[in-house]
Amino acid sequence: MEQSLGQESVPGFGSLDKSKVLDVRPLRRLVPLFPSASNNTSFSTPQGAAPFVCVSPAGPFPPGVAPFFPFFISPESQRPLEQNLQTPSGNASFVFNNPISNAVPINSFRTPPSAEANGDTRTARRLARSRGQPQSQSGNAEEDGFDGENTRKVGSSRSKFRSQKRTRGGQDINVALPDVDIDAIIDNVLTTYTNTFQQTDGDRESLVYAFTSYDLVRRRITQIEEMKERIPGAPRTGRPDLRAGTLFMNKGIRTNAKKRIGAVPGVEVGDIFFFRMELCLVGLHAPTMGGIDYMGVKNSTEEEPLALSIVSSGGYEDSVEDSNVLIYSGQGGNASNDFRRDKEMKDQKLERGNLALEKSLHRGNDVRVIRGLKDVSNPTGKVYVYDGLYKIHESWVDKGKSGCNVFKYKLVRLPGQPEAFTIWKSIEQWKEETTTTRVGLILPDLTSGAENLPVSLVNDVDGEKGPAHFTYISSLQYSKPVNLTEPSDGCLCIGGCLPGNSNCSCIKKNGDFLPYTANGLLVNQKSLLHECGPSCQCPPNCRNRVSQSGLKVRLEVFRTKDKGWGLRSLDPIRAGSLLCEYAGQVLTISGVEEMGGDYEDDYIFDATRTCQPLGVLPGDSTETSKAPFPLIISANTAGNVARFMNHSCSPNVLWQPVLRENKNESDLHIAFYTVGHIPPMTELTYDYGMVPQEKAYHRKKVCLCGSIKCRSFFY
DNA sequence: CTATGTCAGCAGTAT
DNA sequence: ACTGCTGACATAGGT
């Protein structure tokens, strides 16, 4: 699918000699670096680019500059600074361009009832939703004891596992389902939320926390659901997005529960979402399915409904060439997408959302627009982009396909807002055109085909023609094998490892969980992740080999304003996605120490470094990453895109030690996963962390990440 | 592999 | 009680 893209879209670089290494100083550092004497080599870019040798010292961090929050930030240039301002005390000090008028509580914002009321009254029986596996013809299907009501509660006296044998395609598998207490996790999230955050509207930090925890819980529920899928008769919770949503809404782990006209505090133009429930959670758009959100607003005389936000998902043929204009169809009339009613089309009526849009046209209030697009990484799914405020310019009635009346509304984007949807359009073109005229493009693929996707190199900031040249390798290079302390054997899952299979030794090592969801998202950060490796029987596409599959999103090395080169993505990325691993040459400890104090390498990844745990499910696992043995990687002369990732004290990417099963040698890798959803063109950063012992190759550097949590230096 | 169909879901609004 | 620009999967149709 994606594999073919790489070579074909990179014309003219096949002749490049990847073995040529330019020796120039790295750029990601914030300390002044001056041209080294080492000369460039015969490597030449089409533009005759000179290797980059120097990064100007960055001045003191300018006051008032946007603090860096994880996973929401669009490129700085596209953000109005004042939107990110916060007082050090954590009090929200957002600047509202649109004063909130007539904020009204949502009447269904329930106060948290007792934990028992949280949805378990339902008897979700979604039985024959199998993916080809035989359903309950096995005799013991009914006696498994899953009673639906208590599955998620931790039974104090219950055994840790409920398991049963069943045959599947002649192969005996043992399905185990560890008890997981989602309610306890939620309670922990709630405690952190209420204790740590002010929850005043406009506090982006609490919004980010609620939002990130939501997806963590959603992934966790998904993981458990995928195990249950393989146990006949086990009750199915159904959609994890809704399930997690209900829990969060009922507990009040959400922001902006009051409806309002105009901008929503804490939500920034360009923020992306992957579920409609996420829009509800942050107060951007309340209806879980409906396309138009509105509320009654008091006029001088009476109350009238006004439109607040719309979600445009292309379901009603709304598209228009100008991406600042949106033609939106009213709601109603199309009974065809609802099986409960007849399939006839009807005339739309001027009621509900349609009436609100009409009133908003006359009142002239701002309307938030969320654009739904097909998600590249997950073709069945959608990604929602908050495209900022629009105004309704006109409305009319059209005849739909079946001759019925359809209301149409023309919305025009307010000027002066950060770019959001338009940048997506540009990216679409950049990716398709091979002879692109993109400003600042230096190389269409700096990997020269070494990855399955091209990685572009751009600089639209200054005159630098590119980073120091290095050999592009996509994984680790060992000078000699390292012996494992505990030699281990791989698993025997010939068809691939499946969730809940307690016979799989790799799954066992991960605490009986397959650490990834079916679409390859990391469920949670672990101190050490066990993937299948060379000694396993499973195929390369095994679900427990996510970090081995190469790049999945279109990455780009770009020139930052003050931090040298950086890494970003052209594609939107879901929370928990694999980004890449840290490739380079594995150094032996003794080898490094022999080099003594003179050894300087800014491309060192030392797996003994420690970071604040990130993206960890509260109450589930609070471990920080810990490698089972020392691993020092140098990407100085050979490495991959990871070497361009800058440090941040509020990162949007986490690193994770991954052990791939191998009998005789160590096969420890460092893989990077996204903490939250990341919009296109957002710089990707991780926490370089602290090192236990400062050595020659750990030089202290001044941090300019700009986060309110900034520790001011890193290694 | 793209389009259309099926179906349970849920928050919110309307009655 | 009713509504809806869901979301995941299944099936059908196309190249």
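Predicted model only: the values in this text are computed from it and were never measured. A, B, ... follow the sequence lines: proteins, then strands. Residue 1 opens every chain.
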Could a donor-acceptor pair under 3.5 angstrom be found where the side chain of A/Thr288 meets the base of B/dG9?
no

Heavy-atom donor-acceptor pair, A/Arg239 side-chain to C/dT6 base, under 3.5 Å
yes

Whole-Å gap separating P (C/dT6) and CZ (A/Phe274)
15 Å

Given C/dG7, B/dC10, C/dT3, which nucleotide is nearest the side-chain atoms of A/Arg352?
C/dT3

Between P on C/dC5 and CG on A/Leu326, what's the gap in Å once rounded to a whole number?
14 Å

Reading DNA chain C from 5' onward, which residue's closest nucleotide shows up sooner: A/Ile292 or A/Thr380?
A/Ile292

Whom does C/dT11 pair with, Watson-Crick or G-U wobble, provided both distances fall under 3.5 Å?
B/dA3

Assuming nearest nucleotide by heavy-atom distance, tell me which of A/Pro287 and A/Lys374 is located more 5' along DNA chain B.
A/Lys374

Using whole Å, report how far CZ of A/Arg219 lies from P of C/dG7.
17 Å

Between A/Asp571 and A/Ser569, does any side-chain donor sit less than 3.5 Å from a side-chain acceptor?
no

How would you label the contact of A/Asp241 with the nucleic acid (heavy atoms, under 4.0 Å): base, sugar-phosphate, or nothing?
sugar-phosphate

For A/Ile327 and C/dC5, give me the distance from atom CD1 to atom C1', rounded to whole Å.
16 Å

Give the rounded distance in Å between these two atoms: CZ of A/Arg276 and P of C/dT3.
18 Å

5'-most contact on DNA chain C: A/Asn378 or A/Gly290, nearest heavy atom basis?
A/Gly290

Parallel, tilted or perpendicular, judged at 30° and 60°: which one describes the rings of A/Tyr673 and A/Tyr516?
tilted

Could you check whether A/Tyr294 and the base of B/dT13 form a stacked pair, meaning centres closer than 5.5 Å and planes differing by less than 30°?
no

When you compare the side chains of A/Thr301 and A/Asn299, does any donor N or O come within less than 3.5 Å of an acceptor on the partner?
no

Just to confirm, is there a sub-4.0 Å distance from OP1 or OP2 of B/dA11 to any side-chain nitrogen or oxygen of A/Thr246?
yes

If you check every side-chain atom of A/Lys259, which of B/dT13, B/dA11, B/dG9 has the closest atom?
B/dT13

Relative to the ring of A/His677, is the ring of A/Phe274 parallel (under 30°), tilted (30 to 60°) or perpendicular (over 60°)?
perpendicular

Output the rounded distance in Å from CG (A/Leu357) to P (C/dC5).
11 Å

Do A/Ser395 and A/Glu358 pair up side chain to side chain, a donor and an acceptor below 3.5 Å, judged on atom types alone?
yes

Taking the side chain of A/Gln331 as its heavy atoms from C-beta onward, which of B/dA11, C/dG4, C/dT6 lies nearest to it?
C/dG4

Can you find a side chain N or O atom of A/Lys346 that sits less than 4.0 Å from OP1 or OP2 on C/dT3?
no

Could you state the CD-C1' distance from A/Glu225 to C/dC9, rounded to the nearest angstrom?
14 Å

Could you state the atom-to-atom distance from CD1 of A/Ile221 to C1' of C/dG7 in whole Å?
15 Å

For the pair A/Phe273 and A/Phe211, name the ring-plane relationship: parallel under 30°, tilted 30 to 60°, perpendicular over 60°.
tilted

Would you indicate, yes or no, if C/dT6 has its OP1 or OP2 atom less than 4.0 angstrom from a side-chain nitrogen or oxygen of A/Ser313?
yes

Between A/Lys382 and C/dG7, does any side-chain N or O lie under 4.0 Å from OP1 or OP2?
no

